[in-house]
Amino acid sequence: MSFLHEEYGTDAEIYRRQFSTEVIADSSNAHAHRILQACGFTERSIPPLYVWHELPAGLGEEEEKARSTRAVCLLRAAGSDANIDEALLSPAAHAAVLAEIHQVHTLHSGAAASSSPAAEAHPPAGTDAVAAVPAASSTSASAVRGRSR
C-alpha cells in the first residue's frame with residue numbers, strides 16, 4: 001500500500017480511490033488529521049503502518065465535493081501543502097470556506113474564532129489566509145491533481 005502524499009511529497013492528498021467510489025485523504029500530519037476529522041473524514045488503518053481517512057459511504061456527490069473542498073482549503077490555510085483531485089472541487093464550498101476563513105481572520109477574537117472549524121486553520125497574525133488557497137476557477141497543477149488514481 002502506498003500513499004499519494006508520500007509519492008508527491010505533500011502533506012495531504014484528497015482523491016477518489018481508483019476503480020471505487022471512496023473519497024480518500026491521506027496524510028501523516030497530526031494537525032491535518034484533526035482538520036480532516038472536523039470536515040467529516042473518518043480514520044481508517046491497517047496496523048501498524050497504514051493510516052488514512054475517508055468520507056463515510058452513502059454521501060451524495062455534492063456533499064463529498066463540499067467536504068473535500070472544505071478540507072483542502074482549511075489544510076492550505078493552516079499552512080499544509082495539500083492537493084485535491086480536480087473532480088472533487090466544489091466552487092460553492094470553496095467560496096463559503098474562504099468567506100469563513102476571512103471572517104475568522106478579521107475578527108481576531110478568541111471566542112469568536114473558536115466557534116468555527118476554520119479557527120483551527122487560522123494562520124498566525126500577519127499572514128493572508130485567503131492567499132493560501134487558490135481560487136476555484138484558477139486552480140494550478142500544484143493545487144489540483146487531475147490524474148486518475
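Computed from a predicted structure; not experimentally measured.
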Heavy-atom nearest pair, Cys39 first then Leu55, reads O-CD2, 4.4 Å
Ser80 side chain vs Arg76 backbone, donor-acceptor pair below 3.5 Å:
no
Give me the atom names and distance for the closest heavy-atom approach of Lys65 to Leu89.
CD-O, 3.8 Å
In the structure I gave you, are the side-chain heavy atoms of Ile14 and Asp85 within less than 4.5 Å of one another anywhere?
no
With rounding to the nearest 0.5 Å, note down the distance linking CD1 in Ile35 to CG in Leu74.
6.0 Å
Evaluate the side-chain proximity of Arg17 to Glu54: yes if any heavy-atom separation is below 4.5 Å, no if none is.
yes
For the pair Ser68 (side chain) and Leu88 (backbone), establish whether a donor and an acceptor sit closer than 3.5 Å, ignoring hydrogens and angles.
no
Rounded to the nearest 0.5 Å, what separation is found between the CD atom of Glu43 and the CH2 atom of Trp52?
9.5 Å
Considering all heavy atoms of both residues, which atom of Cys73 and which atom of Ile101 are nearest to each other, and what is their separation?
O-CD1, 4.2 Å
What are the two closest heavy atoms between Ala78 and His31, and how far apart are they?
CB-NE2, 3.7 Å
Smallest heavy-atom separation, Ala25 atom then Leu36 atom, equals CB-CD2, 3.7 Å
Tested for salt bridge (charged side-chain N to carboxylate O under 4.0 Å, His left out) against Arg16, the lone hit among Glu22, Glu61, Glu64 is Glu64
Just wondering, do Val23 and Leu59 contact through their side chains at under 4.5 Å, heavy atoms?
no
Could you tell me whether a side-chain N or O of Ser27 sits under 3.5 Å from a main-chain N or O of Asn29, the two making a donor and an acceptor?
yes
Tell me whether Thr69 contacts the main-chain N or O of Ala66 through its side chain, where contact means a donor paired with an acceptor under 3.5 Å.
no
Identify the heavy atoms of Val51 and Ser45 that sit nearest to each other, and give their distance.
CG2-CB, 4.0 Å
pair His53-Asp26: side-chain heavy atoms closer than 4.5 Å
no
